[in-house]
2 protein chains.
Amino acid sequence: MEYNNVCQPRKTENPMGEDLINESDALRTESTTGILGYRLRRAQLSVFQRFLQVFEEMRLRPAEYSVLLLIDDNPGRKQTEIADALGIKRANFVTLVHALQARGFLERRAAAGDRRANALHLTVEGVQFLAAARARHEDMEQQLLSQLGGEASRSQLLALLDRLG
Amino acid sequence: MEYNNVCQPRKTENPMGEDLINESDALRTESTTGILGYRLRRAQLSVFQRFLQVFEEMRLRPAEYSVLLLIDDNPGRKQTEIADALGIKRANFVTLVHALQARGFLERRAAAGDRRANALHLTVEGVQFLAAARARHEDMEQQLLSQLGGEASRSQLLALLDRLG
DNA sequence: CGGTCAATGCTATGGAATATAACAATGTTT
DNA sequence: AAACATTGTTATATTCCATAGCATTGACCG
């Protein structure tokens with residue numbers, strides 16, 4: 001996010017209303033408006049930016065939130081299973097899990113029947129934290145819903161996004 | 001409050017007695033399917049992944065493609081103008097422009113009336129390269145169009161994405 | 001005119017996400 | 001028993017993105 005005050009070049013006084021040589025008007029951006037990937041990226045960045053802002057004081061990142069959600073719905077699963085479901089490489093998943101464990105939100109118990117694997121479980125604090133996060137996220141989704149113009153639009157968008165997977 | 005959620009991996013019904021040991025059920029992912037940001041990200045990653053694959057032999061990245069498009073539609077603009085329009089920091093834009101210039105696709109001419117600024121122009125090779133890229137991208141958009149199920153769906157998706165900006 | 005501030009392009013740098021390689025321990029298969 | 005696969009892990013490289021600061025140049029103001 002750019003917080004800089006992007007100052008426009010100061011325009012010279014132009015009382016006559018004539019066109020100035022250095023007048024800089026808006027750029028033509030039609031070529032990008034037809035690119036699905038570009039629009040997808042802009043929208044995703046916008047939504048993620050809001051997420052980061054909303055969850056800044058909770059110090060929760062999008063990936064971490066999805067990890068907590070998935071463990072809550074699938075307690076006892078191995079790291080690789082959760083990571084695969086989220087499209088995260090298990091090597092990178094280690095750091096994620098360790099960070100959440102360091103904050104006391106999850107445990108890595110010994111998996112029954114496989115001494116290599118860690119069975120992931122939320123702790124009590126993890127469940128409480130997730131509940132708070134869910135509430136916050138609910139508000140955010142509500143905002144997005146109103147931006148989209150209603151539940152019909154939202155579910156339509158989700159359906160269309162699914163077809164791109 | 002008590003927390004005794006020690007779930008073992010669920011066993012599926014197994015009347016035939018086969019495939020029990022290694023059987024690992026699919027995870028429950030309903031919690032993520034309702035998250036707009038998550039779905040947006042997955043869709044965007046999928047589309048970008050295809051872009052990278054399609055343009056691998058042309059060695060063209062999404063950001064570079066958008067830069068070429070914007071310069072083609074707005075020749076003579078300053079670096080900062082192009083960068084701002086694409087949401088790219090001017091510091092990071094330098095590397096982008098230099099790379100494209102090194103490949104002979106654009107020029108940084110002295111801007112008329114401002115000796116600080118570079119006026120960006122496509123070279124002949126840049127125009128030719130962009131034409132080839134446009135053709136390739138056209139095919140890709142066509143694929144996405146059929147995935148979405150028609151032009152109506154596509155324009156609806158674009159409209160919905162716009163509301164998230 | 002001189003002084004102050006802003007803009008432009010640039011370099012350097014750090015953080016975050018992502019990808020691969022390799023390893024020890026363990027499990028599976030032959 | 002031997003060969004191979006999986007799991008978690010570390011190390012590392014790359015890419016993207018953000019900030020700070022610099023020299024040059026321009027705009028503004030007294």
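- Between the CG atom of A:Leu52 and the C1' atom of D:dA18 there is a distance of 13 Å, rounded to whole Å.
- Evaluated for a side-chain contact (heavy atoms from CB on, under 4.5 Å) with B:Ile71, the options B:Leu106, B:Val97, B:Leu100, B:Leu130 yield exactly one hit, B:Leu106.
- Both B:Ala119 and A:Ala63 lie close to DNA chain C; mapped to their nearest nucleotides by heavy-atom distance, the more 5′-ward contact belongs to B:Ala119.
- The residue among A:Asp114 and A:Arg61 whose nearest nucleotide of DNA chain C lies closer to the 5′ end is A:Arg61.
- Among the atoms of the strands shown, base atoms are found under 4.0 Å from some heavy atom of A:Asn92.
- In terms of phosphate contacts, A:Arg108 brings no side-chain nitrogen or oxygen within less than 4.0 Å of OP1 or OP2 of D:dG8.
- Nearest nucleotide to the side chain of B:Arg90, out of C:dG27, D:dG8, C:dG9: C:dG9.
- Across all strands, B:Ala111 comes closer than 4.0 Å to no nucleic acid atom at all (heavy-atom distances).
- Rounded to an integer number of Å, the gap from NZ of A:Lys78 to P of D:dG8 is 7 Å.
- B:Ile88 has its CD1 atom 17 Å from the C1' atom of D:dT19, to the nearest Å.
- The side chain of B:His98 contributes no N or O atom lying less than 4.0 Å from OP1 or OP2 of C:dG9.
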**Request:** Test side-chain hydrogen bond (donor to acceptor under 3.5 Å, both in side chains) on B:Arg90 and B:Gln79 and set out the steps.
**Result:** CA-CA 7 Å; B:Arg90 70 185 195 280; B:Gln79 288 187 190; over 6 Å; no
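- Comparing atom distances between the B:Ala117 side chain and each of C:dT18, D:dG26, C:dG9 picks out C:dG9 as nearest.
- Side-chain proximity of A:Arg115 to the nucleotides D:dG8, D:dC17, C:dG27 is greatest for C:dG27.
- Residue A:Val97 is the one, among B:Pro62 and A:Val97, whose nearest nucleotide of DNA chain D lies closer to the 5' end (criterion: closest heavy atom).
- If you measure from atom CD of A:Glu56 to atom P of C:dA16, you get 12 Å, rounded to the nearest angstrom.
- One finds a side-chain N or O of A:Gln79 lying less than 4.0 angstrom from the OP1 or OP2 phosphate oxygen of D:dT9.
- Here the P atom of nucleotide C:dG9 and the CD atom of B:Gln101 are 13 Å apart, to the nearest Å.
- A:Arg39 places a side-chain N or O within donor-acceptor distance of the main-chain N or O of B:Leu158, the cut-off being under 3.5 Å.
- Remark: side-chain polar atoms of A:Thr29 are not paired, donor with acceptor, to backbone N or O of A:Thr32 under 3.5 angstrom.
- One finds no side-chain N or O of B:Lys89 lying less than 4.0 angstrom from the OP1 or OP2 phosphate oxygen of D:dC17.
- When all heavy atoms of A:Ile35 and B:Glu141 are compared, the closest pair comes out as CA-OE2, 3.6 Å.
- Separating the CZ atom of B:Arg77 from the P atom of C:dG9 is a distance of 13 Å, rounded to the nearest angstrom.
- A:Phe93 has its CZ atom 9 Å from the P atom of D:dG8, to the nearest Å.
- Atoms CZ (A:Arg116) and P (C:dA24) sit 16 Å apart, rounded to a whole Å.
- The side chain of A:Thr80 places no N or O atom within less than 4.0 Å of a non-bridging phosphate oxygen (OP1 or OP2) of D:dT6.
- Residue A:Ala91 is in base contact, counting any heavy-atom pair closer than 4.0 Å across all strands shown.
- Among the heavy atoms of the strands lying under 4.0 Å from A:Asn118 are primed sugar atoms or P, OP1, OP2 only; no base atom is included.
- Here the closest non-hydrogen pair linking A:Ala26 and B:Arg77 is O-NH2, 3.6 Å.
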